[in-house]
2 protein chains.
Amino acid sequence: MGVMRIAELSERSGVPVPTIKYYLREGLLHRGELTSRNQARYGEAHLRRLSLVRALTDVGGLPVAAVREVLAHVDAPRSSTHNLLGRVLDAIPPAGQDGSPEEEDLARAQELVRDRGWNCHPDDPAVEGLAAVLAGYRRTGHPLGEEYLVRYAEAVEQVARVDLDTLRDTEELDEIIEGAVVGTVLGDALLAALRRLAQSRESALRAPGREN
Amino acid sequence: MGVMRIAELSERSGVPVPTIKYYLREGLLHRGELTSRNQARYGEAHLRRLSLVRALTDVGGLPVAAVREVLAHVDAPRSSTHNLLGRVLDAIPPAGQDGSPEEEDLARAQELVRDRGWNCHPDDPAVEGLAAVLAGYRRTGHPLGEEYLVRYAEAVEQVARVDLDTLRDTEELDEIIEGAVVGTVLGDALLAALRRLAQSRESALRAPGREN
DNA sequence: TCCTTTCGGATAGTAGAACTATCTACTGTA
DNA sequence: TACAGTAGATAGTTCTACTATCCGAAAGGA
């Protein structure tokens, strides 16, 4: 049951055989154990990895190259547990970091990080990502007011506490790492979906007149 | 100053002329006012629209087809203001709705919506998007616990209140609509970037031993 | 043992998205 | 009148994520 060939791996995962071969080539999936020149055996670990890859691409929307990057950190040998989470999370691209921010936006992003006591190292790519988003607000003629930015930051601190709490239950280190990756990448999609629903609700609450 | 030809529009927006022509073909940008068979004039409105398009694609990561969809709602004539925001927000794809959820996940998503009193219409695509994300958590072997889901929902309600508050300052209806679009699409990227930073901070706080 | 099926690995081809380049006919301006 | 600039059309490019074929070899049933 636990040992299978590629056809069964394909059937159980729902991923076509040629796509599995593609993932093998791209290094998203470890090669099976070769029993002869043209026979390899795959196990439950391959099946789980395949599910992870599909979740990151389909739900998380990560490009294949980014998935490889992230999985390299999942697979990396861990010498110490010290701030390992931080380094793994650094490897996950902030989704939409295109568009170069200007000095103005970068300074504002760094100021927010400082004011909230998020003393991350200043070359964190997420700071630049934040600046790029602020630049987007400004360039479209809808600059984000300071008050709102702070309130978003407060809400997000609450989110981050939940993020870290979800990892508490787990004992195994490998599981914690994978849980952090899943929680971070799928979490963005989760928050986006929940946000749409909460926006609709809040919008309806404030609408003058009747319900709906 | 306000009236220009395509070369100046390109220079001021930073978007190459062939790309502007491509956006014109795709209907992301209104055609300029034709003064003869091969001369058109563009104005400040075109410049702002171009900035909006680039923000939605580069920062928000929306595909061109989705941008066209969204802008159709921005441009639509508004007969009434009633729950107009809700309908505009519906048009924005929840980013990563691939991967079909199963009955189990759909039921859980609907249950959450009901429990929190988010009485949206049950065919809201965001509900299905939420279910798809929950399916991703489950299939990777990291199912999201009920407690955590509820805590995310609470945080997101706070976010939605900020979202709606950012629109209060504005008088003009067109500006409100555009602000809602920008706030929703760029907001996802904003929250993702802030979340990475807050995660790093929270992770460092909980790490045993020294700082960093 | 023979024979059909399946396999691993390599190479090549495909579909869609987002541009980018070229072409033609025309035109405002120096 | 020469010429750089323009609108609109069509065709080509680049990148990503697959998908299809091929080959030689091994597996598995009759």
Side-chain angles (χ1 to χ4, degrees), chain A residues 3-43 46 49-50 52-71 93 95-99, chain B residues 3-43 46 49-50 52-71 93 95-99:
Chain A
V3 174
M4 57 195 124
R5 296 193 298 177
I6 201 171
E8 188 180 347
L9 185 60
S10 167
E11 196 170 350
R12 287 227 266 159
S13 65
V15 179
V17 171
T19 304
I20 294 178
K21 288 185 173 187
Y22 168 65
Y23 289 160
L24 287 168
R25 285 198 301 278
E26 293 296 312
L28 306 191
L29 187 63
H30 294 133
R31 300 229 169 245
E33 184 192 352
L34 274 179
T35 62
S36 38
R37 195 182 311 277
N38 64 340
Q39 292 292 304
R41 297 183 309 172
Y42 303 90
H46 292 94
R49 171 56 62 92
L50 216 36
L52 178 58
V53 168
R54 291 310 275 228
L56 296 181
T57 56
D58 291 353
V59 184
L62 288 195
V64 165
V67 173
R68 179 175 44 229
E69 197 76 15
V70 168
L71 292 181
Q97 71 286 24
D98 286 352
Chain B
V3 174
M4 56 196 127
R5 296 192 297 178
I6 201 171
E8 188 180 347
L9 184 61
S10 167
E11 195 169 351
R12 286 227 269 159
S13 65
V15 179
V17 171
T19 303
I20 294 177
K21 288 187 173 187
Y22 168 65
Y23 290 160
L24 287 168
R25 285 198 300 278
E26 292 297 312
L28 306 191
L29 188 64
H30 294 133
R31 301 224 171 252
E33 186 192 351
L34 275 179
T35 62
S36 39
R37 195 182 312 277
N38 65 338
Q39 294 288 304
R41 297 182 309 171
Y42 303 90
H46 293 93
R49 171 55 62 95
L50 216 36
L52 178 58
V53 169
R54 291 309 275 227
L56 296 181
T57 56
D58 292 353
V59 184
L62 287 196
V64 165
V67 173
R68 177 174 46 228
E69 196 76 14
V70 168
L71 292 181
Q97 70 286 24
D98 285 354

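In the text below, chain A, chain B and the rest are named by the order of the sequence lines, each starting its count at 1.
Summarising the geometry, the separation between CG on B:Leu9 and C1' on D:dA7 is reported as 14 Å, rounded to the nearest angstrom. Whole-Å rounding puts the B:His46 NE2 to D:dA7 C1' distance at 14 Å. Atom CE in B:Met4 sits about 13 Å away from atom P in D:dA7, given to the nearest Å. Computed from coordinates, the B:Gln39 CD to D:dC3 C1' distance equals 14 Å when rounded to whole Å. Atom CD in A:Glu69 sits roughly 14 Å away from atom P in D:dT16 (whole-Å rounding).
Among residue pairs with one or both ends in residues 16-29 of chain B, those qualifying as salt bridge (Lys or Arg N to Asp or Glu O under 4.0 Å) are B:Glu26-B:Arg68; sequence neighbours excluded.
For B:Glu8, the salt bridge (charged side-chain N to carboxylate O under 4.0 Å, His left out) criterion is met by B:Arg12, not counting sequence neighbours. Residues satisfying the side-chain contact (heavy atoms from CB on, under 4.5 Å) criterion with A:Ser10, sequence neighbours excluded, are A:Val17, A:Ile20. With sequence neighbours excluded, the residues that form a side-chain contact (heavy atoms from CB on, under 4.5 Å) with B:Pro16 are B:Pro18, B:Thr19. Partners of A:Arg31 according to the salt bridge (charged side-chain N to carboxylate O under 4.0 Å, His left out) rule, which considers only residues two or more places apart in sequence or in another chain, do not exist here. B:Glu11 meets the salt bridge (charged side-chain N to carboxylate O under 4.0 Å, His left out) test with no other residue; sequence neighbours excluded. Applying the side chain to side chain donor-acceptor pair (under 3.5 Å) criterion to A:Tyr23, with sequence neighbours excluded, gives A:Arg54. By the side-chain contact (heavy atoms from CB on, under 4.5 Å) test, A:Pro63 pairs with A:Ala66, sequence neighbours left out. Annotation: salt bridge (charged side-chain N to carboxylate O under 4.0 Å, His left out) contacts of A:Arg41 (sequence neighbours excluded): A:Glu33.
Taken over five-pair windows at either terminus, the axes of the helix from C:dT1-D:dA30 to C:dA30-D:dT1 are inclined to one another by 10° (rounded to 10 degrees).
The outermost nucleotides of DNA chain C lying under 4.0 Å from heavy atoms of chain B, listed 5' to 3', are C:dA18 to C:dG28.
You'll find a donor-acceptor pair under 3.5 Å spanning the side chain of A:Asn38 and the base of D:dA25, going by distance alone.
The residue among B:Val64 and B:Arg5 whose nearest nucleotide of DNA chain C lies closer to the 5′ end is B:Val64. Residue A:Thr19 is the one, among A:Arg37 and A:Thr19, whose nearest nucleotide of DNA chain D lies closer to the 5' end (criterion: closest heavy atom).
Side-chain atoms of A:His46 come within 3.5 Å of backbone N or O of A:His30 as a donor-acceptor pair.
The structure places CG of A:Leu9 at 12.5 Å from CZ of A:Arg49, a figure rounded to the nearest 0.5 Å.
Near DNA chain D, meaning a heavy atom under 4.0 Å from it, residues 22-36 of chain A has A:Tyr22, A:Tyr23, A:Arg25, A:Ser36 in order of number.
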